[in-house]
Amino acid sequence: MAKKEAKQVDIVIDYKTVFDSEAGQRVLYDLMRNNYLLSTTYTSNINEMALREGSRNSILRIMSILKIDVNKMNELIQKGLERENEYTD
């Protein structure tokens with residue numbers, strides 16, 4: 001395996017190590033919630049919208065590396081909402 005491919009494999013392993021933990025799942029949900037994955041990026045200010053899209057794209061990249069599909073994303077959202085409700089009750 002070439003060095004570049006080995007590095008890419010190592011990065012994927014690192015992402016999975018970080019985000020597969022319970023703490024990592026909480027952080028990923030927080031990133032999703034605060035970087036426009038769970039809300040619209042639309043605003044009348046084109047510069048602000050571009051900034052929001054950039055934030056959103058970062059989270060999409062993480063999800064792509066982790067190979068998170070729609071079902072897993074829904075599970076993350078549900079768990080995140082449940083945790084939020086624990087703090088508001």
Side-chain angles (χ1 to χ4, degrees):
M1 186 182 314
K3 283 186 179 182
K4 185 175 180 179
E5 291 170 341
K7 181 180 177 185
Q8 289 173 334
V9 168
D10 287 346
I11 291 293
V12 169
I13 291 169
D14 291 346
Y15 270 77
K16 287 184 182 222
T17 300
V18 169
F19 287 107
D20 278 350
S21 69
E22 187 64 32
Q25 296 290 297
R26 287 191 303 268
V27 169
L28 183 57
Y29 174 75
D30 184 66
L31 290 169
M32 291 167 57
R33 194 168 68 77
N34 289 297
N35 290 284
Y36 303 97
L37 201 69
L38 305 179
S39 61
T40 183
T41 59
Y42 177 78
T43 178
S44 59
N45 181 324
I46 192 80
N47 294 321
E48 178 67 22
M49 190 163 65
L51 182 65
R52 291 177 180 188
E53 280 295 324
S55 294
R56 182 176 182 271
N57 192 51
S58 296
I59 307 313
L60 290 173
R61 179 175 183 271
I62 292 170
M63 294 176 71
S64 174
I65 290 170
L66 297 174
K67 297 189 182 337
I68 293 178
D69 63 10
V70 173
N71 294 327
K72 178 66 176 174
M73 188 170 103
N74 284 334
E75 183 182 314
L76 285 168
I77 293 168
Q78 279 304 119
K79 285 182 180 179
L81 290 172
E82 289 169 9
R83 281 191 293 271
E84 283 183 7
N85 289 335
E86 287 176 9
Y87 291 108
T88 58
D89 290 342

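Basis for what follows: all heavy atoms, side chains included, without hydrogens, waters or symmetry-related copies.
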With sequence neighbours excluded, residues passing salt bridge (Lys or Arg N to Asp or Glu O under 4.0 Å) with Glu22: Arg83

query: Any side-chain heavy-atom pair from Lys79 and Tyr29 closer than 4.5 angstrom?
result: no

message: Is the shortest side-chain heavy-atom distance between Ile11 and Tyr15 below 4.5 Å?
response: yes

task: Report whether Leu31 and Ile77 are members of the same hydrophobic cluster (ILVMFWY, side-chain heavy atoms less than 4.5 Å apart, transitive linking).
output: yes

message: Looking at every heavy atom in both Phe19 and Gly24, which two are closest together, and how far apart are they?
response: CD2-O, 3.4 Å

task: Given side-chain contact (heavy atoms from CB on, under 4.5 Å), test Asn35 with Arg52 step by step and report yes or no.
output: CA-CA 7 Å; Asn35 290 284; Arg52 291 177 180 188; over 6 Å; no

- prompt: Distance-only, no hydrogens or angles: does the Ser21 side chain make a donor-acceptor pair with backbone N or O of Val18 under 3.5 Å?
  reply: yes

- prompt: At what distance, to the nearest 0.5 angstrom, does CG of Leu51 lie from CD1 of Ile46?
  reply: 12.0 Å

- prompt: Between Met32 and Leu76, which heavy-atom pair has the shortest distance, and what is it?
  reply: SD-CD1, 4.2 Å

- prompt: Counting N and O atoms only, with roles assigned by atom type, does the side chain of Asn34 sit under 3.5 Å from a partner on the main chain of Asp30, one being a donor and the other an acceptor?
  reply: yes

Could you pull out all donor-acceptor pairs under 3.5 Å where a side-chain atom in residues 64-72 meets a protein atom, sequence neighbours excluded?
unit_1: Asp69; atom_1: OD1; unit_2: Asn71; atom_2: N; d: 3.2
unit_1: Asp69; atom_1: OD1; unit_2: Lys72; atom_2: N; d: 2.8

field: CD1 on Ile59 to CE on Met73, rounded to 0.5 Å
entry: 12.0 Å

statement: Residues passing the salt bridge (Lys or Arg N to Asp or Glu O under 4.0 Å) test with Arg56, sequence neighbours excluded, are none

message: Tell me the closest heavy-atom pair linking Thr43 and Met49, and the distance in Å.
response: CG2-N, 3.5 Å

Sub-4.5 Å side-chain heavy-atom contact between Thr41 and Glu48: no

statement: Nearest heavy-atom approach of Leu38 to Arg33 is CD1-CA, 3.9 Å

- request: State, with a plain yes or no, whether a side-chain heavy atom of Glu5 is found less than 4.5 Å away from one of Val9.
  value: no

